[in-house]
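This report refers to the structure that appears directly beneath it.
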2 protein chains.
Amino acid sequence: MVNLLHLRTLLEVTRLGSFAAAAGRLGYTASAVSQQMAALERDTGVELFHRSARSVVPTEAALTMVRHASKVLTDVETLLAAASRSTDSPVQELRLGIFPSLATYILPDILRNPRWKKLGIELRVWVAEPSQTIQGLRTGGELDLALVYQVGQSGLAWPHTLDRQWIGDDDFRVVLPASWGIREDAEMQASQLSDMPWIMHHPGTSDAVVIERLFASCNLHPRVVAYSDDFHASLEMAAAGLGAALVPELALRHRPPGVVVLDVPDIRLARNVFALLLNEKRTAQVQLFTELLADTLRGSTATVRAGSPAMMPKTTQKSTPKPPA
Amino acid sequence: MVNLLHLRTLLEVTRLGSFAAAAGRLGYTASAVSQQMAALERDTGVELFHRSARSVVPTEAALTMVRHASKVLTDVETLLAAASRSTDSPVQELRLGIFPSLATYILPDILRNPRWKKLGIELRVWVAEPSQTIQGLRTGGELDLALVYQVGQSGLAWPHTLDRQWIGDDDFRVVLPASWGIREDAEMQASQLSDMPWIMHHPGTSDAVVIERLFASCNLHPRVVAYSDDFHASLEMAAAGLGAALVPELALRHRPPGVVVLDVPDIRLARNVFALLLNEKRTAQVQLFTELLADTLRGSTATVRAGSPAMMPKTTQKSTPKPPA
DNA sequence: GGTTGACCATCAGTGATCCTTAGGCTCGGT
DNA sequence: ACCGAGCCTAAGGATCACTGATGGTCAACC
């Protein structure tokens with residue numbers, strides 16, 4: 001019998017055009033995806049990809065299978081929804097750890113969504129940085145689900161008893177003071193930003209390490225005028241003309257007057273947002289919640305984003321294996 | 001993620017009303033079914049059954065899940081069909097072992113079915129008794145798929161590398177010479193058949209053993225007038241007035257004049273028809289073939305059958321674990 | 001033309017999964 | 001009161017599925 005996980009992976013592979021990319025999205029290694037697709041071909045007796053050393057091309061059969069598979073998967077969704085609705089649901093309590101930007105700009109949208117009310121989940125929210133919320137997940141801890149982000153391969157570690165699920169990406173943008181007189185739609189090269197003053201993360205934080213590496217790879221050695229881990233503060237300082245800052249799109253939902261937001265192709269970086277959850281809490285309701293979350297985040301950033309698919313810079317583009325022990 | 005096998009099991013359980021019965025159908029033990037349903041409840045976070053010591057009652061949620069699940073499963077069916085159709089299918093050869101009644105009365109119907117032509121399977125057929133076709137399945141043998149039957153727990157053994165799949169039941173009926181003057185719709189008790197002459201299987205065959213046990217459990221000690229393992233011969237002899245016989249419904253598709261077919265509640269026995277197939281041959285096309293087979297058999301016997309669900313007599317109702325080593 | 005980097009396949013190892021077996025429990029039937 | 005049908009759980013073993021390492025191929029770039 002076919003495996004639904006294989007079908008989901010198939011969808012992601014054909015959408016992204018590569019095993020490795022799909023693996024990154026789904027929280028697998030590329031090897032796992034390769035094996036899953038091989039298994040799917042074996043189970044169905046259909047050749048799904050023409051493989052070459054550098055890429056895979058879905059066959060005609062794969063594309064028709066994709067169409068059916070997405071129908072099957074949405075049917076399973078509605079099955080879960082219908083089943084959990086038809087039971088006199090005992091209002092599961094969910095203790096959620098969440099980092100500030102998500103709590104500020106996404107969570108309220110979720111709570112307003114009619115889909116939310118049908119879930120019958122009673123939320124307990126704890127807003128904190130990922131490193132802290134992960135602590136709360138340790139077995140017997142005070143959390144069931146933690147929404148965390150990771151920039152690049154930064155040393156975020158979690159127990160491998162947790163299930164990781166990709167929620168979305170939150171791209172960093174370059175924010176300049178409007179007073180510098182640079183147009184919003186200007187085509188900017190990294191080199192042109194070389195001598196500007198920058199507002200940076202506190203040195204030593206894992207984000208700072210990744211950003212420094214990114215800057216170094218562009219031969220950019222910024223002059224630092226401020227250290228701030230709080231994006232609201234960074235934004236306001238930028239608006240006041242202090243310096244440039246790298247701010248994730250989510251935080252730009254509240255955009256003070258006096259700033260210009262640029263898209264600098266050389267400086268592409270994203271916070272990868274994940275849900276970590278205790279295995280025993282992985283019920284259908286929680287599953288539906290994380291999907292609602294992913295949809296909301298996608299819908300939210302889609303309105304802001306230029307349109308091109310979010311790619312991480314080269315240094316962080318490796319597939320992301322599950323637990324850094 | 002939900003498991004499709006669990007959904008299929010759920011369907012069977014609600015259809016039959018019992019874990020044990022579903023286990024028998026699906027080729028599992030009752031324990032396996034219990035664990036599968038527990039897993040399904042865990043995965044979906046929905047209580048599916050009210051359990052008591054002697055039975056399970058599906059909840060409301062289970063019933064709605066059943067409705068969705070059957071849709072999902074048929075969607076998967078069409079997915080497989082569509083995918084294998086859209087490929088330029090290289091006409092898989094299937095070497096099929098099949099026992100006589102099935103080859104006589106069911107296989108022709110399949111070959112005439114439009115669904116058959118779409119499968120793109122090239123058949124090689126070998127008609128023989130189960131004990132022989134199973135030999136042909138031994139690894140490196142000359143068969144890919146064997147359709148076999150088993151009466152009760154009779155000592156049919158197959159290598160456990162084979163996949164077993166339940167195809168359907170073929171109920172035995174009591175056949176009497178019309179010359180005995182008994183009406184077709186007569187309500188018959190086993191005791192009334194006690195002193196009649198019977199046409200029986202050759203002693204020593206596994207079928208004979210089961211039938212003797214069944215008769216013994218009804219306190220029936222038949223006088224044997226003929227030994228025959230060939231149902232056509234038995235039928236013709238019965239038509240000629242020689243004696244009563246126990247004949248499976250399939251063989252009754254060719255019903256000679258001069259016989260009366262009875263339904264005797266005490267003497268309920270069925271040949272359980274299974275497909276055994278080499279694991280590596282379990283492609284989607286073969287899967288679809290066995291399903292076509294099951295449908296054809298079901299449709300065929302449904303026209304004959306009285307309507308009540310086919311139950312095996314008590315001595316043979318145990319769940320059937322997979323490999324008798 | 002060699003080097004580098006991206007990507008896929010394969011293999012060995014390991015942890016998780018899933019089934020069988022065995023045993024225990026609770027009911028209804030005799 | 002006993003037996004048996006049917007459910008559950010625990011333990012053990014086979015199989016599955018993922019990770020991590022290795023190797024191969026191709027494109028791009030000096």
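By convention in this document, chain letters (A, B, ...) are assigned in the order of the sequence lines, proteins followed by strands, and residues within each chain are numbered from 1. Owing to the predicted nature of the structure, the values given are computational and were not obtained by experimental measurement.
You'll find a donor-acceptor pair under 3.5 Å spanning the side chain of Gln35(A) and the base of dT19(D), going by distance alone. Judged by distance alone, with hydrogens and angles left aside, Thr29(B) brings no side-chain donor or acceptor close enough to the base of dT21(C) to form a pair under 3.5 Å. For a distance-only test at 3.5 Å, the side chain of Ser31(A) qualifies as a donor-acceptor partner of the base of dG20(D).
Side-chain atoms of Leu7(A) and Leu40(A), non-hydrogen and from C-beta on, do get closer than 4.5 Å to each other. The shortest distance between side-chain heavy atoms of His68(B) and Asp75(A) does not fall below 4.5 Å. Gln36(A) is not listed as a side-chain neighbour of Val13(A), based on a closest heavy-atom distance of 4.5 Å or more. Inter-residue side-chain proximity for Met1(A) and Asp43(A) is flagged as unmet; no heavy-atom pair is nearer than 4.5 Å.
As a whole-Å value, the separation of Leu26(A) CG from dC18(D) C1' is 14 Å. Remark: C1' of dA9(C) and CZ of Phe49(A) are 14 Å apart, rounded to the nearest angstrom. In this structure, the CD atom of Glu47(A) is 11 Å from the P atom of dA9(C), given to the nearest Å. If you take NE2 of His50(A) and C1' of dC26(D), they are 18 Å apart, rounded to a whole angstrom. At whole-Å resolution of the value, CZ in Arg54(B) and P in dG4(D) are 13 Å apart. With rounding to whole Å, Leu48(B) atom CG is found 12 Å from dC8(D) atom P. Atom-to-atom, CG of Leu4(B) to P of dC18(C) comes out at 13 Å; the value is rounded to the nearest Å. Here dC8(D) presents its C1' atom at 15 Å from CE of Met37(B), a figure rounded to the nearest Å.
Glu291(B) and Arg8(B) are not joined by a salt bridge, as no carboxylate oxygen comes within less than 4.0 angstrom of a charged side-chain nitrogen.
Between Gln36(A) and dA17(D) there is no side-chain N or O to OP1 or OP2 distance below 4.0 Å. A close approach under 4.0 Å does occur between a side-chain nitrogen or oxygen of Asn3(B) and OP1 or OP2 of dC18(C). Neither OP1 nor OP2 of dC7(D) sits under 4.0 Å from any side-chain N or O of Ser55(B).
When the nucleotides dC8(C), dC18(D), dC7(D) are ranked by their closest atom to the side chain of Ala32(A), dC18(D) comes out on top.
In terms of modelled atom types and a separation under 3.5 Å, the side chain of Ser34(B) and the main chain of Ala30(B) share no donor-acceptor contact.
Taking CG from Leu63(A) and CG from Leu10(A), the interatomic distance works out to 9.0 Å, rounded to the nearest 0.5 Å. To the nearest 0.5 Å, atoms CG (Leu145(B)) and CD (Gln165(B)) are separated by 9.0 Å.
Take the nearest nucleotide of DNA chain C for Gly17(A) and for His6(B): the residue whose nucleotide is more 5' is Gly17(A). Judged by closest nucleotide on DNA chain D, Ser34(B) is the one of Leu5(A) and Ser34(B) placed further toward the 5' end. Between Ser52(A) and Arg42(A), the one whose closest nucleotide on DNA chain D sits nearer the 5' end is Arg42(A).
Relative to the axis of its first five pairs, the axis of the last five pairs of the helix from dG1(C)-dC30(D) to dT30(C)-dA1(D) sits at 10°, rounded to 10 degrees.
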